[in-house]
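Here it is: the structure, laid out below.
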2 protein chains.
Amino acid sequence: MLDRAVGLLRQLGEAGAGGQQLSRLADALGLSASTTHRLLAALEHHGWVERVDGGKRHRLGAALVALAGQAADGTGLRRICRPALARLSGESGETTFLIVRSGLNAVVVDRQEGDYVIESLTQGVGGLMPLGIGAGSVAILAGQPLAEIEAVLSANAGRYAQFGSSLEQVRHRLARVQADGALMLDDSLIAGLAAISLPIRPPGHAVTAAIAVNFIASRLDAEARQALLERMRREVAAVEASLAVPATLSRPPRGGEG
Amino acid sequence: MLDRAVGLLRQLGEAGAGGQQLSRLADALGLSASTTHRLLAALEHHGWVERVDGGKRHRLGAALVALAGQAADGTGLRRICRPALARLSGESGETTFLIVRSGLNAVVVDRQEGDYVIESLTQGVGGLMPLGIGAGSVAILAGQPLAEIEAVLSANAGRYAQFGSSLEQVRHRLARVQADGALMLDDSLIAGLAAISLPIRPPGHAVTAAIAVNFIASRLDAEARQALLERMRREVAAVEASLAVPATLSRPPRGGEG
DNA sequence: ATTCAATTTCCGCATTTTGGAATTGATGCG
DNA sequence: CGCATCAATTCCAAAATGCGGAAATTGAAT
């Protein structure tokens with residue numbers, strides 16, 4: 001029941017803005033129409049699913065956005081890292097990302113725009129990719145225990161091809177992170193797009209997140225990239241330091257509106 | 001079962017960054033410990049719940065962020081409105097919001113920072129408030145059919161006090177939106193914080209969303225506010241026009257990483 | 001007007017969930 | 001150092017709930 005609901009929501013996520021009709025969902029999940037109907041009704045009741053134009057197509061509902069807003073804050077990391085991301089974006093003019101692990105995937109939890117818009121080329125908040133694909137994703141994976149890395153690699157191996165990487169390439173990049181504590185990538189997923197990423201390692205814990213900067217490769221030469229990397233190292237060091245002191249885990253001030 | 005899972009996730013959302021232990025959750029929801037345990041395990045398996053530091057406290061997981069990223073794009077509105085929000089924030093220097101309805105609540109679906117940071121005063125993406133509270137929220141409610149408005153008002157009446165508004169005040173603001181097609185608010189929720197909001201009405205449909213600009217009241221005089229409002233009217237008109245042509249409902253390009 | 005596909009409702013059966021009780025584990029106290 | 005306490009986890013038989021086939025309804029297309 002719950003698993004079916006999760007599958008249904010995933011499927012709806014794939015469907016995108018236009019939504020999807022009941023019968024297609026039932027087919028895709030191998031469920032009977034009546035079961036699918038009942039599930040959709042229940043989810044709709046909670047606002048997790050809504051009808052497109054009140055018609056017969058279904059899509060993900062706004063209640064999920066609300067829940068996820070709390071989830072993203074929930075790690076606490078987002079609030080802590082946001083000023084760092086803002087500084088990096090502000091000073092470099094490039095787009096900055098905060099990425100965390102979710103099972104076999106990496107998820108973009110926060111993102112700050114730079115002056116240079118690469119909107120359509122990159123993942124938005126909530127964007128998902130296999131662990132091992134994408135600069136930040138690699139940085140996170142590289143910081144896991146060895147057995148964990150192997151488990152993830154073997155589970156994800158089949159997914160790498162569609163992102164234009166081989167298992168060997170992924171392994172090579174992991175090694176670079178482990179050697180340098182950071183990763184610089186060119187033509188990362190998109191030709192001409194470059195990225196620099198750093199793992200975030202809370203003192204006494206394994207790596208839980210990474211920050212990354214994406215930019216058009218031609219915009220920064222080797223020297224500028226090195227400078228940016230050093231800048232990022234300082235920001236990450238500051239973040240890690242502030243994680244050492246558990247700080248206030250209390251809720252943020254319930255503020256104004258939008 | 002599903003309802004209990006939803007309740008559990010809501011409860012975890014309330015808990016915030018520090019997470020919550022099983023027994024408290026069970027108490028809060030009136031469930032037995034074994035049921036709660038089973039639910040948490042199932043949700044954890046899907047990445048919707050995770051353990052804090054691998055310990056015994058639970059919080060919302062990153063998989064929800066991923067799902068919600070799709071949900072937020074899912075309305076299609078976010079992609080369409082983002083350039084408008086960016087222009088408004090860029091030109092005015094203030095913070096801009098895109099808000100949609102979710103049941104009895106309004107949810108912040110997108111947000112663009114201005115030069116002037118009011119981060120801690122305002123809702124982030126995913127922020128939730130009762131329909132009728134907050135400038136954008138009022139604008140949405142005012143555009144619903146009359147019977148709908150009354151239903152929402154009576155359902156939400158009890159929640160207004162905690163936001164410092166009375167039912168009469170809400171009704172008054174609704175009337176202003178209906179008269180002017182927009183709303184200017186002072187001391188909206190926070191003393192010294194002002195807001196301007198406009199409903200977004202897709203041609204041939206009821207109002208489905210609103211945009212709002214929040215700013216420190218002292219930063220803009222009456223004349224500047226009027227100018228900003230006119231600017232917003234133009235942006236909303238353009239958005240509504242682009243909604244008339246269903247445009248491409250296809251998925252966005254699967255781009256690079258974060 | 002008729003047909004066909006898709007959605008929605010109904011209902012008896014059986015699979016699943018349920019919560020009390022027992023077990024294990026962790027933490028603090030005497 | 002061992003005992004007591006509280007929370008988390010596992011187990012199990014009873015039963016409630018979800019399941020899907022079939023029937024009814026909608027509504028769009030011919």
Side-chain angles (χ1 to χ4, degrees), chain A residues 1-61 63-64 74 103 204-206 246 249, chain B residues 1-61 63 74 103 202 204-206 246 249:
Chain A
M1 162 88 223
L2 202 150
D3 305 275
R4 290 175 168 186
V6 171
L8 190 56
L9 291 170
R10 284 230 175 83
Q11 193 68 32
L12 282 170
E14 295 296 317
Q20 187 111 68
Q21 56 191 2
L22 186 148
S23 52
R24 314 277 179 166
L25 292 168
D27 285 351
L29 297 165
L31 299 177
S32 71
S34 56
T35 297
T36 308
H37 181 259
R38 198 161 0 89
L39 275 176
L40 282 171
L43 291 167
E44 191 178 350
H45 177 254
H46 289 290
W48 288 28
V49 166
E50 58 191 25
R51 306 279 186 126
V52 177
D53 293 328
K56 59 195 169 186
R57 297 180 83 91
H58 306 264
R59 68 174 163 218
L60 297 178
L64 278 176
H205 292 286
L249 282 180
Chain B
M1 162 89 223
L2 201 151
D3 305 275
R4 290 175 167 184
V6 171
L8 189 57
L9 290 170
R10 284 230 174 83
Q11 193 67 31
L12 282 170
E14 295 296 317
Q20 187 110 67
Q21 56 191 1
L22 186 149
S23 53
R24 314 276 179 171
L25 291 167
D27 286 351
L29 296 165
L31 299 177
S32 70
S34 54
T35 298
T36 308
H37 181 259
R38 204 161 356 90
L39 274 177
L40 283 171
L43 291 168
E44 192 177 349
H45 177 255
H46 289 290
W48 289 28
V49 166
E50 57 191 24
R51 307 278 186 129
V52 178
D53 291 329
K56 58 196 171 189
R57 298 181 83 90
H58 306 264
R59 70 174 163 218
L60 297 178
H205 292 285
L249 283 180

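Note that the coordinates shown come from a computational prediction; the quantities given were computed from them, not determined experimentally.
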Which heavy-atom pair separates B:L8 from B:L39 by the least distance, and what is that distance?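 Nearest pair, atom of B:L8 first, then B:L39: CD2-CB, 3.7 Å.
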Measuring only between side-chain heavy atoms, which start at C-beta, is A:L40 closer than 4.5 Å to A:L25?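 A side-chain contact exists here, since the closest heavy-atom pair is under 4.5 Å.
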Any A:L9 side-chain heavy atom under 4.5 Å of A:V49 side chain: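 When only atoms from C-beta onward are counted, A:V49 and A:L9 do touch, with a gap below 4.5 Å.
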Between D:dG20 (P) and A:L40 (CG): distance, integer Å: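 Answer to the nearest Å: 14 Å.
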Under a 4.5 Å cut-off applied to non-hydrogen side-chain atoms, are A:T36 and A:R4 in contact?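 The answer is no, as the side chains (C-beta and beyond) never meet within the 4.5 Å cut-off.
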Nucleotides 27-29 of chain C: which of its N/O atoms have a protein N/O under 3.5 Å away?
none

Which heavy atom of A:K56 sits nearest to which heavy atom of A:R51, and what is that distance?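 Here A:K56 and A:R51 meet closest at CA-NH1, 4.1 Å.
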Are A:Q20 and A:H58 packed together at the side-chain level, in the sense that at least one heavy-atom pair is separated by less than 4.5 angstrom?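 Result no, sub-4.5 Å side-chain heavy-atom pair not found.
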Identify the two heavy atoms, one from A:A42 and one from B:L2, that lie closest to each other, and give their separation to 0.1 Å.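 The answer is CB-CD1, 4.5 Å.
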What integer distance in Å separates A:L43:CG from D:dG18:P?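 A:L43 atom CG is separated from D:dG18 atom P by 12 Å.
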Quick check on contacts: within residues 26-33 of chain A, what sits under 4.0 Å from DNA chain D by heavy-atom distance?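 Within this stretch, A:S32 sit under 4.0 Å of the strand.
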Determine, for nucleotides 10-17 of chain C in 5'-to-3' order, which nucleotides have protein heavy atoms under 4.0 Å from the base (write B), from only the sugar-phosphate (write S), or from neither (write -). -------S
Round to a whole Å and report the spacing from CZ of A:R51 to P of C:dA6.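 Computing the A:R51:CZ to C:dA6:P distance gives 16 Å.
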Let me confirm one number: the CD-CG distance from A:Q21 to A:D27, rounded to the nearest 0.5 Å.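 So the CD of A:Q21 and the CG of A:D27 are separated by 9.5 Å.
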A:H37 side chain N/O closer than 4.0 Å to the phosphate oxygens (OP1, OP2) of C:dT8?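 For A:H37, the contact criterion (side-chain N or O under 4.0 Å from OP1 or OP2 of C:dT8) is met.
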Using atom CG of A:L22 as one end and atom C1' of D:dG27 as the other, report the distance to the nearest whole Å.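 So the CG-C1' distance, A:L22 to D:dG27, works out to 15 Å.
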Nearest 0.5 angstrom please: B:L60 CG to B:Q11 CD, how far?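 Rounded to the nearest 0.5 Å, the CG-CD separation comes out at 10.5 Å.
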Rounded distance in Å - CG (B:L25) to C1' (D:dA7):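 Spelled out: CG on B:L25 to C1' on D:dA7 is 13 Å.
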